[in-house]
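Some notes on the structure that comes next.
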2 protein chains.
Amino acid sequence: MDDIPGLETGTLPAPRTFDALKDLVATGHARLPKRLSQAAQYALAHPDDIALGTAASIAAAAGVQPSTLVRLAHHFGYGGFSDFQLVFRDRLKSRASTYEERLRKIEDGTLGGSDEVALLGGFIQAARSSLDALSDSVSPAQFAQCVDVLAGADTIYLVARRRAYPLAAYMAYAFAKLGIRSVLLDSANGIDGEIADLARPGDAAIACSFSPYAPDSVAQAKALSSAGVPLIALTDSVMSPLAACATHWLEVSENDFGGFRSLSAGMTLAMALPVAIAERRRHQG
Amino acid sequence: MDDIPGLETGTLPAPRTFDALKDLVATGHARLPKRLSQAAQYALAHPDDIALGTAASIAAAAGVQPSTLVRLAHHFGYGGFSDFQLVFRDRLKSRASTYEERLRKIEDGTLGGSDEVALLGGFIQAARSSLDALSDSVSPAQFAQCVDVLAGADTIYLVARRRAYPLAAYMAYAFAKLGIRSVLLDSANGIDGEIADLARPGDAAIACSFSPYAPDSVAQAKALSSAGVPLIALTDSVMSPLAACATHWLEVSENDFGGFRSLSAGMTLAMALPVAIAERRRHQG
DNA sequence: GGCAATATGGAATGGTTATTCCACTTGAGT
DNA sequence: ACTCAAGTGGAATAACCATTCCATATTGCC
């Protein structure tokens, strides 16, 4: 080994975040030798390249040798270039970066001490990152189109089973409060099919279903769709059977904790939709 | 080589953007075999993982073999997994640059008004800050106490009306999946009171209600409580009538957007509780 | 129900990559 | 100008990773 890791910067542990690394370079970079300084400068100027490139490609771009990058990493106390690179990759993963780390920590914790709070924390994190994903996956245009269709409907039929049911249950409540006619297809006496058959093209339907898609929901959505009823789907991927038969669909991919997928993103959409429809109707008369 | 690249999907060149890939999967997904479909679904649901992970780590996360990922890439006409991965890396790079912009846009939008996306953004923000508040307002000890009580119950009775109903509906679903006896008091024929009367001190109840507290919920909670049934309340303040009669209660104060309060924090709690109870029971036997 | 075609799991392989090592250079102190 | 420590370039190496291959399992068809 060339040098004792961390000697130059004292015996501090390597910074685990990009910002911390930045500070370290800013305060102590006068002590860096020429090539290391050159490499460090390039790293801070092109963080994305560091995250996604190979040592060889980065070295070439920065005008140094690959070994210099390894040395730089050692200088800051990292185990090697790969370790150094992790900081840049985390940064790239927007906000989800600390999420996986935390999740792993929580998982370790639950195995060791069976701490209930870790569990709650895990679900909170899953919910949070699901929300982050929502703003990315639902585009303004898509949302507006869905609102358009639903605002023009006479009666809105709500289809959801099992895990997705709370979304429809909430929307039924919201629609009622907002003075929007809706029918929640959740009858316990098995007449949902017959009720749905009464839907007309002038109506519309919202179907919510996530993998593994409840057969009932899918069948009902298909029936409504082929009856000419405009169908808005809240589902989790392009592979969803709902995406295939829907007029428009909104992607809601939820993160999970311990196999239990969050509902926060879906629920948030379920809150926004009714209000948006009500707003649209008010402005259009 | 297993197959001629691109044969299955025609001789089209492999899509070079994430969206194009998405479309391809959407239109031709019926032709994908089970494992390939599974891998494709994971890829679309966790694009960041594909971008930054290794074939082995991704395969493990998706529950498939590394070779399956290579086959998937070939299926779509890519030269290999690495080529396939480039699409996801590009997406990550371009997204990272616009990410902060987007967040700012959402924040600005909430002030601006009439646009539908601003509305969605507003609800997302409300949900997010509700989650932040949740980790503060629910203490480890409180949560553990509630889990304690519920883990010792024979049957768990669920009380919720109106806006809080989705929480109870979800818990009923989760309890069923986890093999925990529960009764959701939501009968449409008005026999909830009689059913609740059958609850014994060896059972327990969870009541969810937020201001303005639905009279039905409060009455039912009080009845259960005075019958000696341990009562856990999910409610929004010390002033809540539920806080008065509950054995333990958890504070869930949701933020609102335009007067519509979020449900994310409550929903997250509703997800964590059943799992925590199941865990506790497993460890205690 | 049997056969062929396709899909899959898992180990072997070959290529690429980070890392290490060593000879050489640079620069600072005396 | 000499010496020594530190820095650097570049080749050698060892670890890792994507890829391939083959035996087994599954599916679809007759």
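Just so we're clear, the structure is a prediction, and the values are computed from it rather than from any experiment. Lettering follows sequence order; numbering is per chain, from 1.
Here the nucleotide nearest the side chain of B:T68, chosen from C:dT19, C:dG9, D:dA18, is C:dG9.
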Between the protein and nucleotides 26-30 of chain D, which nitrogen or oxygen pairs are less than 3.5 angstrom apart?
none

Scan nucleotides 10-13 of chain C against the protein and return all N/O pairs shorter than 3.5 Å with their distances rounded to 0.1 Å.
| from | atom 1 | to | atom 2 | distance (Å) |
| --- | --- | --- | --- | --- |
| C:dG10 | OP2 | B:Q65 | NE2 | 2.6 |
| C:dG10 | O6 | B:S67 | OG | 3.1 |

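Not counting sequence neighbours, the partners of A:T247 by the side-chain contact (heavy atoms from CB on, under 4.5 Å) test are A:P230, A:L231. Here A:K222 pairs with nothing under the salt bridge (Lys or Arg N to Asp or Glu O under 4.0 Å) rule; sequence neighbours left out. Every side-chain contact (heavy atoms from CB on, under 4.5 Å) that A:L86 has, sequence neighbours left out, goes to A:R16, A:D83. With sequence neighbours excluded, the residues forming a ring-ring contact (aromatic ring centres under 6.0 Å, His included) with B:Y42 are B:H46, listed by chain and number. Residues meeting the salt bridge (Lys or Arg N to Asp or Glu O under 4.0 Å) test with A:E254, sequence neighbours left out: none. Applying the ring-ring contact (aromatic ring centres under 6.0 Å, His included) test to B:F81 and every residue at least two apart in sequence or in another chain returns nothing. Residues passing the ring-ring contact (aromatic ring centres under 6.0 Å, His included) test with B:F175: none are found, sequence neighbours excluded.
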Let me check something: any side-chain donor-acceptor pairs from residues 262-270 of chain A under 3.5 Å, sequence neighbours excluded? List them with distances.
| from | atom 1 | to | atom 2 | distance (Å) |
| --- | --- | --- | --- | --- |
| A:S262 | OG | A:S264 | N | 3.0 |
| A:T268 | OG1 | A:S264 | O | 2.7 |

Under 3.5 Å donor-acceptor pairs involving side-chain atoms of residues 206-218 of chain A, not counting sequence neighbours:
| from | atom 1 | to | atom 2 | distance (Å) |
| --- | --- | --- | --- | --- |
| A:Y213 | OH | A:D236 | OD1 | 2.8 |
| A:D216 | OD2 | A:R161 | NH1 | 2.9 |
| A:S217 | OG | A:R161 | N | 3.4 |

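In the helix from C:dG1-D:dC30 to C:dT30-D:dA1, the terminal helix axes, each the rotation mapping four pairs' C1' atoms onto the next four within five end pairs, subtend 30°, rounded to 10°.
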